[in-house]
Amino acid sequence: MEFLLKLSGCIAASLGKPADRMNVAVTPALPLLVAGSCSPCVMLTVSAIGATDTADKNKEHSANIFDFLTSQLSLSEDRIIVQFNELQPHQVGKKRTVMTFL
């Protein structure tokens with residue numbers, strides 16, 4: 001639980017989003033093959049509205065996330081993959097509507 005809170009805080013700070021907008025799921029011990037190896041790794045997907053729409057922003061987010069994950073999980077950078085997805089407000093449903101109207 002502590003790791004989820006720390007990861008959420010790291011990503012929220014990097015994206016400039018409030019903590020209550022973060023949704024984090026971790027699936028430990030999932031068999032994964034990254035770069036031809038089954039050694040421990042992380043595959044992280046970051047989906048956001050208005051925060052992941054440029055290479056420059058994502059380069060900064062990537063550096064922040066890699067710093068956090070390498071320090072918290074003792075993984076080398078080659079064992080971490082981060083994918084960024086830019087969402088539009090009409091693509092996210094909440095409170096019986098979509099973010100466009102919230």
Trainee: Taking C-beta and beyond as the side chain, do Leu4 and Val26 meet within less than 4.5 Å on heavy atoms?
Mentor: yes
Trainee: Which atoms form the tightest heavy-atom contact between Ala35 and Arg79, and what is the distance?
Mentor: CB-NH1, 4.3 Å
Trainee: Return the set of residues passing side chain to side chain contact (heavy atoms under 4.5 Å, CB included) with Pro89 (not counting sequence neighbours), or none when no residue passes.
Mentor: Ile49, Met99, Thr100
Trainee: Ignoring hydrogens, what is the shortest heavy-atom contact between Lys57 and Ala51? Give both atom names and the distance.
Mentor: CD-O, 3.6 Å
Trainee: Do Glu86 side-chain atoms and Ser47 backbone N/O form a donor-acceptor pair below 3.5 Å?
Mentor: no
Trainee: Ignoring hydrogens, what is the shortest heavy-atom contact between Ser8 and Met22? Give both atom names and the distance.
Mentor: OG-CB, 3.1 Å
Trainee: Please name all residues satisfying ring-ring contact (aromatic ring centres under 6.0 Å, His included) with Phe68, sequence neighbours left out, ordered by chain then number.
Mentor: Phe3
Trainee: Could you point out which residue of Leu87, Asn85, Leu15 forms a side-chain contact (heavy atoms from CB on, under 4.5 Å) with Thr52?
Mentor: Leu15
Trainee: Of the non-hydrogen atoms in Cys38 and Leu33, which two are nearest, and what is the gap between them?
Mentor: SG-CD1, 3.8 Å
Trainee: Kindly indicate whether the side chain of Ile65, heavy atoms from C-beta on, has any atom under 4.5 Å from the side chain of Ile11.
Mentor: yes
Trainee: For Lys6, which residues count as a salt bridge (charged side-chain N to carboxylate O under 4.0 Å, His left out) partner, sequence neighbours excluded?
Mentor: Glu2
Trainee: Applying side chain to side chain contact (heavy atoms under 4.5 Å, CB included), can you list everything that pairs with Lys59, at least two apart in sequence or on another chain?
Mentor: none
Trainee: Hydrophobic cluster membership, with links at side-chain heavy-atom distances under 4.5 Å among I/L/V/M/F/W/Y: are Val92 and Phe84 in one?
Mentor: no
Trainee: Residues two or more places apart in sequence or in another chain: which of them pass side chain to side chain contact (heavy atoms under 4.5 Å, CB included) with Asp56?
Mentor: Thr54
Trainee: Given a cutoff of under 4.5 Å between side-chain heavy atoms of I, L, V, M, F, W and Y, with clusters grown through shared members, what are the other residues clustered with Leu32?
Mentor: Leu30, Val34, Met43, Ile81
Trainee: Nearest 0.5 angstrom please: Leu69 CG to Cys41 SG, how far?
Mentor: 11.5 Å
Trainee: Rounded to the nearest 0.5 Å, how far does SG of Cys10 lie from CG of Asp67?
Mentor: 8.0 Å
Trainee: Give the minimum heavy-atom separation between Lys94 and Leu102, together with the two atoms involved.
Mentor: O-CD1, 3.7 Å
